[in-house]
Amino acid sequence: MERCVAVSQCPEGGYHVNSEYGILELAQKKRGNDGAVIGRVVGTSLHKIAMPFLRYELDDSLELYEHERQCPCGRTLPLVKAIHGEKRDVIRTPDGREISWPFVAFYRARGVRFYQFIQEEVDRLVVRIVKGEDYASETEKSLKLRLGRLFGEGMRVKMEYVSQEDLERDSSGRVRQVVSRLAER
């Protein structure tokens with residue numbers, strides 16, 4: 001994840017730009033029929049010291065209100081009218097769920113440099129892993145448990161160990177975290 005900007009929903013239902021986390025700008029702006037501003041998200045990180053992203057264009061798009069609004073929750077952070085999200089592949093599970101951010105299975109996974117999920121059948125998933133120096137058999141066992149809990153009993157998960165060059169990339173050169181070939185069939 002780029003971790004440049006963040007938007008979160010408050011208990012009142014408003015979507016707030018977390019301005020202390022990062023600076024949110026819109027590129028390729030256009031106006032909606034109601035005057036709202038719609039555009040692609042460009043973010044500048046305010047918390048990454050070693051390697052900050054400056055004006056990093058994301059694949060997300062969102063809508064801002066034409067005029068600033070005050071949320072009933074009392075927060076003064078800017079409000080977002082609608083999040084259109086990122087166009088990315090998701091993993092479909094045999095029990096009908098769609099998982100868009102499977103990275104949670106790799107949280108604190110020791111010795112994993114990169115990973116990628118490839119789905120060609122609804123009940124079969126290949127997880128490509130680029131090992132780091134401290135990858136161990138305990139890491140593999142832990143990942144298998146986490147992946148099983150995340151995707152459910154009906155999903156067959158196969159782990160493949162590959163080099164970084166074997167990972168599929170998008171047109172900008174970034175590694176695609178999820179590659180779904182279900183729609184291609």
Side-chain angles (χ1 to χ4, degrees), residues 1-107 114-120 122 125 127-128 150-151 164 167-185:
M1 292 176 46
E2 295 88 359
R3 294 187 173 165
C4 291
V5 294
V7 174
S8 57
Q9 188 174 21
C10 74
E12 296 293 326
Y15 291 97
H16 296 276
V17 176
N18 298 319
S19 302
E20 66 281 355
Y21 188 83
I23 299 168
L24 183 140
E25 300 175 75
L26 294 183
Q28 302 171 10
K29 292 187 264 187
K30 61 183 178 185
R31 289 250 178 222
N33 294 339
D34 61 355
V37 180
I38 304 164
R40 302 244 341 232
V41 175
V42 175
T44 296
S45 172
L46 295 178
H47 70 287
K48 287 186 171 187
I49 297 169
M51 191 176 121
F53 285 120
L54 305 174
R55 303 205 74 238
Y56 185 78
E57 190 166 339
L58 303 165
D59 291 329
D60 296 303
S61 64
L62 55 77
E63 227 173 300
L64 298 175
Y65 291 103
E66 180 178 19
H67 303 287
E68 285 187 33
R69 294 187 174 203
Q70 181 69 35
C71 185
C73 77
R75 289 182 180 97
T76 58
L77 295 169
L79 282 172
V80 171
K81 181 177 181 185
I83 300 170
H84 299 293
E86 185 174 330
K87 293 174 178 68
R88 71 170 52 171
D89 289 348
V90 298
I91 296 171
R92 280 192 253 157
T93 64
D95 60 9
R97 293 176 295 134
E98 288 187 349
I99 299 174
S100 60
W101 288 99
F103 69 87
V104 296
F106 283 85
Y107 182 68
F114 293 95
Y115 56 89
Q116 183 173 66
F117 297 87
I118 310 285
Q119 186 173 27
E120 294 185 356
V122 79
L125 190 63
V127 182
R128 293 179 173 169
L150 181 61
F151 299 119
Q164 188 174 339
L167 301 175
E168 292 189 34
R169 299 174 184 276
D170 65 17
S171 60
S172 71
R174 288 188 288 188
V175 172
R176 293 176 61 192
Q177 187 180 62
V178 176
V179 178
S180 175
R181 296 195 175 102
L182 296 180
E184 295 174 9
R185 292 180 173 221

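Position 1 is the first residue of the sequence; numbering continues from there. None of these values were measured; they are calculated from a predicted model.
- Although no hydrogens or angles enter the test, the distance criterion places no donor-acceptor pair under 3.5 Å between the side chain of Gln164 and the main chain of Phe114.
- If you take CD on Glu63 and CD1 on Ile38, they are separated by 4.0 Å, rounding to the nearest 0.5 Å.
- Judged by distance alone, with hydrogens and angles left aside, the side-chain atoms of Ser45 form no donor-acceptor pair with the main-chain N or O of Gly22 at under 3.5 Å.
- Ala27 is linked by a side chain to side chain contact (heavy atoms under 4.5 Å, CB included) to Val42, counting only residues two or more places apart in sequence or in another chain.
- To the nearest 0.5 Å, the span separating CD on Glu57 from CZ on Arg40 amounts to 4.5 Å.
- Note: Tyr115 and Phe106 have parallel aromatic rings, judged against thresholds of 30 and 60 degrees for the angle between ring planes.
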Donor-acceptor pairs are to be reported for all side-chain atoms of residues 5-13 against protein atoms at under 3.5 Å, with residues two or more places apart or in another chain.
unit_1, atom_1, unit_2, atom_2, d
Ser8, OG, Asn18, OD1, 3.3
Ser8, OG, Asn18, ND2, 3.3
Gln9, NE2, Gly13, O, 3.4

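- Counting heavy-atom neighbours within 6.0 Å of Arg97 CZ, excluding the residue itself, gives a total above 12.
- A distance of 11.0 Å separates CG in Asp60 from NE2 in His84, rounded to the nearest 0.5 Å.
- Contact between Leu79 and Leu64 at its shortest, heavy atoms only, is O-CD2, 4.0 Å.
- Partners of Leu150 under the side chain to side chain contact (heavy atoms under 4.5 Å, CB included) rule, at least two apart in sequence or in another chain, are Ile99, Pro102, Val104, Ala105.
- With sequence neighbours excluded, the residues forming a salt bridge (Lys or Arg N to Asp or Glu O under 4.0 Å) with Arg128 are Glu160, listed by chain and number.
- Residues passing the side chain to side chain donor-acceptor pair (under 3.5 Å) test with Arg31: none are found, sequence neighbours excluded.
- Classified by interplanar angle (parallel below 30°, tilted 30° to 60°, perpendicular above 60°), the ring pair Phe53/Tyr56 is tilted.
- Taking the side chain to side chain contact (heavy atoms under 4.5 Å, CB included) definition, one finds that Pro78 meets it with Val17, Ser19, sequence neighbours left out.
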Listed pairs under 3.5 Å, donor-acceptor, residues 66-75 side chains, sequence neighbours left out:
unit_1, atom_1, unit_2, atom_2, d
Gln70, NE2, Arg75, O, 3.1

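- Every side chain to side chain contact (heavy atoms under 4.5 Å, CB included) that Arg176 has, sequence neighbours left out, goes to Asp89, Gln116, Glu168, Asp170, Val179.
- The shortest side-chain heavy-atom distance between Ile118 and Arg181 falls under the 4.5 Å cut-off.
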Chi angles and distances behind the side chain to side chain contact (heavy atoms under 4.5 Å, CB included) call for Ile23, Leu46: CA-CA 7 Å; Ile23 299 168; Leu46 295 178; 4.1 Å; yes
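- The distance from the CD atom of Glu120 to the CG atom of Leu125 is 10.0 Å, given to the nearest 0.5 Å.
- For Tyr21, there are no side chain to side chain donor-acceptor pair (under 3.5 Å) partners two or more places apart in sequence or in a different chain.
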